[in-house]
J.: 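Structure incoming, see below.
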Amino acid sequence: MVKVAPSILAADFANLQSEIEIVERAGADWIHVDVMDGHFVPNITMGALVVDAIRPHTKLPLDVHLMIEQPDQFIESFAKAGADIITVHVEACRHLHRTLHYIKSFGIQCGVVLNPHTPISTIEHLLEDVDVVLFMTVNPGFGGQSFIPSVLQKVKALAELKEQRGLNFEIEIDGGVNKETVKECVSAGATVVVAGSAIYGAADKEQALQDIKEA
Ligand code: DX5
Ligand code: ZN
């Protein structure tokens with residue numbers, strides 16, 4: 001069963017507790033937290049304080065997506081705030097292997113994120129070290145953008161590599177996922193899909209999440 005991770009970037013920030021409770025009741029698997037620093041991406045969102053604030057209000061794993069420069073400086077604070085999974089961008093890490101093991105040193109899961117143009121060859125030699133590989137199907141920075149279908153070629157190629165090597169990391173897709181695009185994601189090999197505006201932008205959020213699960 002493919003997991004659905006609603007992105008709270010598209011939620012009502014003044015009511016984060018109830019926004020998270022709604023999707024948890026509706027069957028969400030992870031809560032996706034989009035952290036942006038205004039440098040790696042042209043937008044600023046939330047920090048470890050928000051992770052700390054929402055932590056007591058959900059039992060679901062908090063999937064923290066760091067779209068920031070020099071993530072090593074902030075990993076400890078996100079881990080201590082209650083992140084269960086921390087993903088970092090390949091493009092932001094000079095010593096990616098070290099960063100991944102640093103995340104794991106806090107007893108949590110680690111993952112790598114690839115921007116739409118970044119080839120999978122950049123992570124080929126550390127697939128044994130990761131719990132999650134996250135493919136961006138939009139250029140990171142904002143919710144509500146259109147899905148970039150050409151990224152699915154990379155997803156398929158990685159899914160084959162995963163099979164060949166007998167590995168079992170999650171393949172997560174983020175950006176422009178809705179009840180239509182989710183189908184191609186899953187057939188390409190996705191095991192987790194992130195959805196922001198398709199869920200939080202819907203009049204009936206529970207139904208929107210169900211629609212994605214069923215698709
Ligand atoms: C984009 C973020 C995504 C975003 C997804 O930079 O990483 O997680 O919130 O939003 P939608 O589903 O609206 O594309
Ligand atoms: Zn994200």
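Numbering of ligands and ligand atoms starts at 1, following listing order. Throughout, residue positions are numbered sequentially from 1 according to the sequence presented.
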J.: Heavy atoms only: give me the nearest Pro71-Cys93 pair and the separation to one decimal.
T.: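 Nearest pair, atom of Pro71 first, then Cys93: CG-SG, 3.8 Å.
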J.: What's the spacing between Asp72 CG and Arg94 CZ if we round to 0.5 Å?
T.: 11.0 Å
J.: Supply the atom-to-atom distance Glu172 CD to Phe135 CZ, rounded to the nearest 0.5 angstrom.
T.: 11.0 Å
J.: Please check if any side-chain donor atom of Gln73 sits under 3.5 Å from a side-chain acceptor atom of Gln70, or the reverse.
T.: yes
J.: Give the C-alpha distance, both sets of side-chain angles, the deciding distance and a yes or no for side chain to side chain contact (heavy atoms under 4.5 Å, CB included) between Leu9 and Tyr200.
T.: CA-CA 9 Å; Leu9 182 61; Tyr200 282 111; over 6 Å; no
J.: Could you please tell me which protein N, O or S atoms lie under 2.8 Å from the Zn ion (ligand 2)?
T.: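 Near the Zn ion (ligand 2), below 2.8 Å, one finds His32 NE2, Asp34 OD1, His65 ND1, Asp174 OD2.
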J.: Between side-chain atoms of residues 112-127 and protein atoms elsewhere (two or more places apart, or another chain), which donor-acceptor pairs fall under 3.5 Å?
T.:
unit_1: Thr118; atom_1: OG1; unit_2: Glu91; atom_2: OE2; d: 2.6
unit_1: Thr122; atom_1: OG1; unit_2: Pro119; atom_2: O; d: 2.7

J.: Is the ring pair Phe106/Tyr102 parallel, tilted or perpendicular, if the boundaries are 30 and 60 degrees?
T.: perpendicular
J.: With sequence neighbours excluded, give me every side-chain hydrogen bond (donor to acceptor under 3.5 Å, both in side chains) pair touching residues 32-54.
T.: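 Those involving residues 32-54 are Ser7-Asp34, His32-Asp34, His32-Asp63, His32-His65, His32-Asp174, Asp34-His65.
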J.: How many angstroms lie between atom CG of Asp129 and atom OG1 of Thr99, to the nearest 0.5 angstrom?
T.: 12.0 Å
J.: I'd like the contact residues of ligand 1, where contact means a heavy atom below 4.0 Å.
T.: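 Shell around ligand 1 (4.0 Å, heavy atoms): Ser7, Leu9, His32, Asp34, Met36, His65, Met67, Met136, Pro140, Gly141, Phe142, Gly143, Gly144, Asp174, Gly175, Gly176, Val194, Ala195, Gly196, Ser197.
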